[in-house]
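Data block below; observations after.
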Amino acid sequence: MGANIFSEKHQITFYETDVTNTVTPAMLVNMIILASEDQTDALGVGAESVAKLGIGWVVTQYKMDITRLPKVGETVKLSTQATCYNRYFAFREFWVHDSAGKECVHVESIWVTMNHETRKLVTIPEAVIAPFNSEEVKMIPRISRPKRLTDSDQLMTKKISGTLL
């Protein structure tokens with residue numbers, strides 16, 4: 001049996017967008033984190049119960065593949081799956097689909113658990129990870145490094161930012 005996939009609908013509001021009525025990357029991160037929090041709460045291992053163990057989840061890395069960012073007024077489906085884990089790291093994926101079912105965004109992330117007092121990584125407790133039905137693996141998938149910008153990429157970025165000012 002594979003890991004549980006959790007999905008919920010979300011309507012894009014004006015405060016999640018920029019002047020072009022497009023979701024900002026920062027708000028996109030907020031939306032997917034909210035979906036993961038809703039999943040952990042539904043599974044009974046939310047932030048409050050994990051805090052009682054003296055630990056908390058910390059994101060160490062994201063990789064975002066954006067086909068397009070949703071616009072204000074759109075209803076999207078946010079989905080997440082805690083795909084696999086090992087002793088110290090958990091791999092979680094997120095998807096954002098538009099109302100037609102087309103994938104707009106795919107996010108890969110790596111998470112760790114950290115002790116609140118010592119601020120050191122700790123082993124992920126079995127009671128916390130078990131409800132996700134994730135696969136235990138020796139090594140979690142690596143997230144590739146971002147590609148280095150070329151001179152033409154940097155020139156294009158300057159042109160784009162220059163037109164918005």
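Note that this is a predicted model, so its numbers are computed, not measured. All heavy atoms count here, side chains included; hydrogens, waters and symmetry mates do not.
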Notebook entry, point to check: Among Val58, Val122, Val50, which residue meets the side-chain contact (heavy atoms from CB on, under 4.5 Å) test with Thr113?
Noted result: Val122
Checklist line | pair Cys104-Leu69: side-chain heavy atoms closer than 4.5 Å | finding: no
Next item on the list: Tell me whether Val105 is reachable from Val72 by hopping between hydrophobic residues (I, L, V, M, F, W, Y) whose side-chain heavy atoms are closer than 4.5 Å.
Entry: yes
Margin query: I want to check something: taking the side chain as every heavy atom from C-beta on, are Phe94 and Ser79 in contact at a cut-off of under 4.5 Å?
Written below: no
Next item on the list: Would you give the length of the straight line joining atom CD1 of Ile124 to atom OH of Tyr88, rounded to the nearest 0.5 angstrom?
Entry: 10.0 Å
Next item on the list: Check step by step if side chain to side chain contact (heavy atoms under 4.5 Å, CB included) holds for Leu78 and Val76.
Entry: CA-CA 6 Å; Leu78 305 171; Val76 295; 4.1 Å; yes
Next item on the list: Please check if Val45 and Leu53 belong to a single hydrophobic cluster, counting links between Ile, Leu, Val, Met, Phe, Trp and Tyr side chain heavy atoms closer than 4.5 Å.
Entry: yes
Notebook entry, point to check: Pick from Lys71, Lys77, Arg68: which one makes a salt bridge (Lys or Arg N to Asp or Glu O under 4.0 Å) with Asp98?
Noted result: Arg68
Notebook entry, point to check: How about Glu93 and His106: do any of their side-chain heavy atoms sit closer than 4.5 Å?
Noted result: yes
Next item on the list: Decide whether Ile12 and Met27 are clustered together by the hydrophobic rule: side chain heavy atoms of Ile, Leu, Val, Met, Phe, Trp, Tyr closer than 4.5 Å, transitively.
Entry: yes
Next item on the list: Would you check, one step at a time, whether the test side chain to side chain contact (heavy atoms under 4.5 Å, CB included) holds for Asp41 with Glu48?
Entry: CA-CA 9 Å; Asp41 288 343; Glu48 198 173 296; over 6 Å; no
Note to self: Assess the residue pair His10 and Glu74 against the criterion (side chain to side chain donor-acceptor pair (under 3.5 Å)); give the C-alpha distance rounded to whole Å, side-chain angles, the decisive distance to 0.1 Å, and a yes or no.
What the structure shows: CA-CA 8 Å; His10 178 79; Glu74 272 190 77; over 6 Å; no
Checklist line | For the student: nearest non-hydrogen atoms of Pro141 and Ile110, plus distance | finding: O-CD1, 4.0 Å
Checklist line | Close side-chain approach of Asn4 and Gln81, heavy atoms under 4.5 Å | finding: no
Notebook entry, point to check: With under 30° as parallel and over 60° as perpendicular, where do the rings of Trp111 and Trp57 fit, or are they tilted in between?
Noted result: perpendicular
Check: Is any side-chain heavy atom of Ser134 closer than 4.5 Å to a side-chain heavy atom of Thr83?
Finding: no
Checklist line | Stepwise side chain to side chain donor-acceptor pair (under 3.5 Å) test for Thr75 and Gln11 | finding: CA-CA 4 Å; Thr75 299; Gln11 184 166 12; 4.6 Å; no
Notebook entry, point to check: Would a hydrophobic clustering, with Ile, Leu, Val, Met, Phe, Trp and Tyr connected at side-chain separations under 4.5 Å, put Val23 with Val29?
Noted result: yes
Checklist line | Distance, nearest 0.5 Å, that separates CD of Glu108 from CZ of Arg142 | finding: 13.5 Å
Next item on the list: First locate atom CD1 of Ile66, then atom CG of Leu28, and finally report the distance between them rounded to the nearest 0.5 Å.
Entry: 6.0 Å
Checklist line | Side-chain touch Val107/Ile32, heavy atoms, less than 4.5 angstrom | finding: yes
Margin query: Using every non-hydrogen atom in the two residues, find where Ala82 and Phe132 come nearest and quote the distance to one decimal.
Written below: CB-CD2, 3.8 Å
Margin query: Grouping I, L, V, M, F, W and Y whenever their side-chain heavy atoms are under 4.5 Å apart, do Met139 and Phe89 come out in a common cluster?
Written below: no
Notebook entry, point to check: Among Asp18, Thr17, Thr24, which one satisfies side-chain hydrogen bond (donor to acceptor under 3.5 Å, both in side chains) with Thr20?
Noted result: Asp18
Check: Looking at side-chain heavy atoms only, is the closest gap between Lys63 and Ser144 below 4.5 Å?
Finding: yes
Check: Going through the distances and angles, do Arg92 and Gln39 end up as a side chain to side chain donor-acceptor pair (under 3.5 Å)?
Finding: CA-CA 12 Å; Arg92 180 185 275 275; Gln39 181 187 32; 2.7 Å; yes
Margin query: Can you confirm whether Leu34 sits close enough to Glu37 that some side-chain heavy atom of one is under 4.5 Å from a side-chain heavy atom of the other?
Written below: yes
Note to self: Just verifying a value: how many Å separate Glu117 CD and Lys120 NZ, rounded to the nearest 0.5 Å?
What the structure shows: 13.0 Å
Note to self: Regarding Glu16 and Thr13, do their side chains bring together a donor and an acceptor under 3.5 Å, going by distance alone?
What the structure shows: yes
Note to self: Restricting to non-hydrogen atoms, name the atom on Ala127 and the atom on Pro131 that form the minimum distance, rounded to 0.1 Å.
What the structure shows: O-CD, 3.4 Å
Check: Out of Ile143, Asn86, Val137, which residue meets the side-chain contact (heavy atoms from CB on, under 4.5 Å) rule with Phe91?
Finding: Ile143
